Participant: 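So that we are looking at the same thing, I have put the structure below in structure tokens.
Throughout, a chain's letter reflects where its sequence line sits, starting with A, and its residues are numbered from 1. This one's a predicted model, so the numbers in the text were calculated from it and none came from an experiment.
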Amino acid sequence: MRWMWIDRIVELVPRVRMVAVKNVSMAEEHLHDHFAASSVREALPIMPASLVIEGMAQTAGILVGHAGGFREKVILAKVNKAEFSAEAVPGCTLRYTATINQFDAGGASTSGVIELLDPAAPGAAPTRIGSVDLMFSHIDQNMAGTEFPKENFVFSSTFKTLLRMSGIPDPQP
Amino acid sequence: MTRDDIFAKIRSVLVDALAVDDDEVTMTSVLTTDLGAESIDFLDIVFKLEQAFGVKIPQGELFPENIAQDQRYVQAGKVTPEGLALLKSRMPHVDFAGFEANPVLKNIGTLFTVETLVRFIEGKLAKQ
């Protein structure tokens with residue numbers, strides 16, 4: 001699936017919290033360039049922080065969309081905070097936990113924690129590697145009155161497949 | 001809570017929401033042109049004010065909404081007299097004096113200064 005940066009939703013408490021996971025794989029092409037070997041250092045394949053943020057945006061965005069029955073077009077409007085203390089490396093699993101702080105007709109704010117699960121250390125507690133706080137806009141409710149297409153282009157079939165594969169009923173089947 | 005206390009909290013909200021320095025935020029600072037606020041920042045500011053002051057701010061109470069789509073209130077990019085009357089009744093914390101002469105909708109953001117927020121919060125707290 002294109003541009004999906006989470007693999008599975010593992011917990012959903014509607015309007016409160018959602019947890020999703022993403023397996024970081026060496027097969028992902030961008031890891032070969034981020035960072036490629038150079039004359040002064042060996043290759044260092046790590047998932048770009050921008051894509052880790054995108055994973056949190058998808059986790060939190062689905063949570064916010066679900067809270068509104070997927071009727072609103074939920075757009076990431078602002079990254080309020082993004083802090084990282086360690087890298088996401090291939091062979092590990094990222095665990096995104098997104099929590100809704102505030103939600104109203106205009107949008108929502110969320111806070112999120114990113115943890116790393118290492119399959120080489122089964123039973124070990126997940127390591128917290130970052131936090132990302134986001135703002136989402138319900139774009140049809142924008143102040144400028146700009147009109148957007150009627151169909152919900154945000155929550156496309158790709159997202160619905162993810163929900164179905166995660167065993168989560170679609171509120172708008 | 002005194003006006004100075006309210007201002008201090010609002011300054012903290014704006015420093016956080018707009019990534020500006022403390023000393024950039026004065027009572028006369030315009031949220032858009034002086035502090036760089038964009039449309040999404042208005043929602044962020046509302047959320048942060050709610051948390052900072054423990055109040056609920058319904059959509060459209062602090063900043064205008066749902067007038068742009070209505071031809072009674074906006075025509076050819078300008079707010080109509082009926083629209084202005086509606087805005088004034090909904091938002092007593094806003095000083096519309098300078099805006100009335102040339103009520104271009106896209107300039108409406110310039111009406112919102114730090115003092116506007118202070119007046120708004122004073123009004124909310126007085127009702128509690």
Participant: B/Val94 and B/Leu43: same hydrophobic cluster, using ILVMFWY side-chain contacts below 4.5 Å?
Facilitator: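 Cluster IDs for B/Val94 and B/Leu43 differ.
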Participant: Are A/Ile114 and A/Ile46 joined in one hydrophobic group, where the rule is that I, L, V, M, F, W and Y side chains link up if heavy atoms are under 4.5 Å apart?
Facilitator: no
Participant: Taking all non-hydrogen atoms of both residues, which atom of B/Ile40 and which atom of A/Ala77 are closest, and how far apart?
Facilitator: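 Closest approach of B/Ile40 to A/Ala77: CG1-CB, 3.0 Å.
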Participant: Between B/Ala17 and chain A, with a heavy-atom cut-off of 4.5 Å, which part of the residue counts as in contact: side chain, backbone, both or neither?
Facilitator: both
Participant: Restricting to non-hydrogen atoms, name the atom on A/Phe103 and the atom on B/Phe47 that form the minimum distance, rounded to 0.1 Å.
Facilitator: N-CZ, 4.3 Å
Participant: Report, as yes or no, whether the 6.0 Å neighbourhood of atom CZ on A/Arg8 holds more than 12 heavy atoms from other residues, nucleotides or ligands.
Facilitator: no
Participant: Using the rule that two of Ile, Leu, Val, Met, Phe, Trp, Tyr join whenever any of their side-chain heavy atoms come within less than 4.5 Å, decide whether A/Leu94 and A/Phe84 are in one cluster.
Facilitator: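 Same cluster: A/Leu94 reaches A/Phe84 through Ile, Leu, Val, Met, Phe, Trp or Tyr contacts under 4.5 Å.
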Participant: Given that the side chain runs from C-beta out, which part of B/Asp41 has a heavy atom under 4.5 Å from chain A: side chain, backbone, both or neither?
Facilitator: both
Participant: If you count the non-hydrogen atoms of other residues, nucleotides and ligands that lie under 6.0 Å from CD in B/Glu38, is the total more than 12?
Facilitator: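 Not buried by this count: 12 neighbours or fewer within 6.0 Å.
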Participant: How long is the span from the CD atom in A/Gln102 to the NZ atom in B/Lys56, to the nearest 0.5 Å?
Facilitator: 7.0 Å
Participant: A/Ile75 and A/Met135: same hydrophobic cluster, using ILVMFWY side-chain contacts below 4.5 Å?
Facilitator: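 A/Ile75 does not cluster with A/Met135.
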Participant: Test of understanding: clusters of I, L, V, M, F, W, Y form through side-chain heavy atoms closer than 4.5 Å, transitively. Do A/Val132 and A/Val16 belong to the same one?
Facilitator: no
Participant: Nearest 0.5 Å please: distance from the CD atom of B/Glu50 over to the OG atom of A/Ser109.
Facilitator: 9.0 Å
Participant: B/Gln59 and A/Ala105: which non-hydrogen atoms are nearest, and at how many Å?
Facilitator: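 Closest approach of B/Gln59 to A/Ala105, heavy atoms only: OE1-CB, 2.9 Å.
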Participant: Measure the shortest side-chain to side-chain distance between B/Ile57 and A/Asp104 over non-hydrogen atoms and say whether it is less than 4.5 angstrom.
Facilitator: no
Participant: Got a second to check how far B/Leu18's CG is from A/Lys78's NZ, nearest 0.5 Å?
Facilitator: 5.5 Å
